[in-house]
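Every chain is numbered from 1 and lettered A, B, ... according to where its sequence line falls, protein lines coming before strand lines.
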There are 2 protein chains.
Amino acid sequence: MVLVSDNDSATSHAIADDLKEKILAGKYKPGARLIQDELAIEFKASRSPIREALRMLEADGLVTIKTHSGAWITELNFAEFEELYQIRERVEPLMLRLSIPHLTTKLIKELEATLEKLNEATSVEQFLKLDREFHLLTYEGAITSYLGEIVQRMWNTTQPYRRRYSQILEREHFTSAHLEHTLLMKAIKRADLDDAERILYGHIRRTRLELQEQAE
Amino acid sequence: MVLVSDNDSATSHAIADDLKEKILAGKYKPGARLIQDELAIEFKASRSPIREALRMLEADGLVTIKTHSGAWITELNFAEFEELYQIRERVEPLMLRLSIPHLTTKLIKELEATLEKLNEATSVEQFLKLDREFHLLTYEGAITSYLGEIVQRMWNTTQPYRRRYSQILEREHFTSAHLEHTLLMKAIKRADLDDAERILYGHIRRTRLELQEQAE
DNA sequence: TTAGAGTCGATTGCATCCAATCACAAGAAA
DNA sequence: TTTCTTGTGATTGGATGCAATCGACTCTAA
């Protein structure tokens, strides 16, 4: 699967990519309205490519479109967050299983480098970015078409919750996450599929439960 | 979750719904090219709503769009089929688990009626339609936003393989499917979540393995 | 015969204009 | 005051025309 954006010359794709980055960076807040004309001015294009870009982002789960009404940055309520995490618990271990056998030594080195940087992260934004990078890298070996899309989509839409969770983690300097990441890395290195699946399952599940606890 | 199409007045939605139905019915073959102008004439509309409809179908996984090149009915290769079924094995049992506690007596009756008709099905097309109806009905209790979409999408894109599988089943008058469906129905009626999950998992897995066997 | 460059038609992508729709506010009736 | 109606402005949806791009074909040269 490909992590980086494909160099698609079409402006609608360029707009979609740019908007996506901004949304994930939290520059557009969940629930914020997107007005086609304003975007057209911002991106110096007509509304046609804007409309197409919005449709693409809708497919990514980042934007919600309502006919004759408008487009908004997708806002997950708590029930939806729980649902998404339950799906992640079942699906991402599968993705990891499909990935591990195809991880090259180069990728493993990259993973270790990312993990090291991740362990040294101090700010929330830094942690968020590197955490995403680390996990998506562990999936890089999986030769998939749909699974990768699904997983990415879930990472996209749950980003605001991960940000909130990271703020909780910050208090204890991300230690529990670090431990799990290290365990996961070891399981990956010895290509232990079952163990890797189990650790990842627990990792996602713990996040969900801790956020549920926080919410009460 | 809603199975029937929502009455969205916009023509782009109407076109998307119509196209979707035709694709699922096998009226457009996998791999077939879709030309915007031709669709515009067919649906008596301009290309704008056609383009939007194609984007929606792309999100549904029914159509594949390539920039500056065109749109085709999605064609699953065998590896992609295997992948999708592996996802289904993990995800649909979860959907069933979330659904069962919320199934109303009215829905259960509907399920039983569908199952009866399904057991009497003789033609492949009849079996396909009722099988889809039965399984999606078992998920009807799940109050989900994303999971339902994912599941529907997978049902959409794997439809051609299910058609092929049904043709195999036809030889033995669909008996093995009937048995599993009956077992599933019983587990649902006694609200046995674990058992229902297990039966469904096996049901999907067996389909995958039998088709893999056939393919060799 | 085959490989490569150039050309042309078909088709997609984008801009612009007009029509359709919705949300909101102001006013009228109970 | 509250509720219903009506109108108006903002915004989205769709039609049309033009520009950009791709792919297939032809022609040429080795």
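Between the C1' atom of dC14(C) and the CZ atom of R55(A) lies a distance of 17 Å, rounded to the nearest Å. For the pair I65(B) CD1 and dT21(D) P, the computed distance is 19 Å after rounding to whole Å. Atoms CG (L54(B)) and C1' (dG13(C)) sit 13 Å apart, rounded to a whole Å. Atom pair D37(B):CG and dG13(C):P shows a separation of 12 Å (rounding to whole Å applied). One can place NE2 of H13(B) at 15 Å from P of dT12(D), the figure rounded to the nearest angstrom. Rounded to a whole Å, the CD atom of E58(A) is 10 Å from the P atom of dG13(D). One interatomic measurement links the two molecules: NE2 of H68(B) to P of dA20(D), which rounds to 11 Å at whole-angstrom precision.
Within residues 39-53 of chain B, the residues approached by DNA chain C to less than 4.0 Å at the level of any non-hydrogen atom are R47(B), R51(B), in residue-number order. Of the residues in residues 27-36 of chain A, those placing a heavy atom less than 4.0 Å from an atom of DNA chain D are R33(A), L34(A), I35(A), Q36(A), in numerical order.
For the 3.5 Å distance criterion, the side chains of Q159(B) and R162(B) qualify, holding a donor opposite an acceptor.
For the pair S69(A) and dT21(C), the criterion of a side-chain N or O lying under 4.0 Å from OP1 or OP2 is not met. S12(B) has a side-chain polar atom (N or O) that falls below the 4.0 Å cut-off from OP1 or OP2 of dG14(D).
With sequence neighbours left out, the side-chain contact (heavy atoms from CB on, under 4.5 Å) criterion links K66(B) to S69(B), W72(B). Applying the side chain to side chain donor-acceptor pair (under 3.5 Å) rule to K117(A) yields no partners; only residues at least two apart in sequence or on another chain are considered. Judged as a side-chain contact (heavy atoms from CB on, under 4.5 Å), and not counting sequence neighbours, the contacts of E125(A) are S123(A), L128(A), R163(A). Take T157(B) and apply the side-chain contact (heavy atoms from CB on, under 4.5 Å) test, not counting sequence neighbours, and it matches Y146(A), L76(B), L84(B). By the side chain to side chain donor-acceptor pair (under 3.5 Å) test, Y165(B) pairs with R206(B), sequence neighbours left out. Remark: D37(B) pairs with no residue by the salt bridge (Lys or Arg N to Asp or Glu O under 4.0 Å) rule, at least two apart or across chains. For F78(A), the ring-ring contact (aromatic ring centres under 6.0 Å, His included) partners at least two apart in sequence or on another chain are F81(A). By the side-chain contact (heavy atoms from CB on, under 4.5 Å) test, L193(A) is found to be paired with R97(A), I100(A), P101(A), residues two or more places apart in sequence or in another chain being considered. Residues that satisfy the side chain to side chain donor-acceptor pair (under 3.5 Å) test with T114(A), not counting sequence neighbours, are absent from this structure.
Two residues are said to be in side-chain contact when any heavy atoms from C-beta on lie closer than 4.5 Å; L211(A) and I168(A) meet this criterion.
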**OP:** Could you summarise the pairing of DNA chain C as dot-bracket text, marking Watson-Crick and G-U pairs under 3.5 Å with ( ) or [ ] inside the strand and | across strands?
**Re:** ||||||||||||||||||||||||||||||
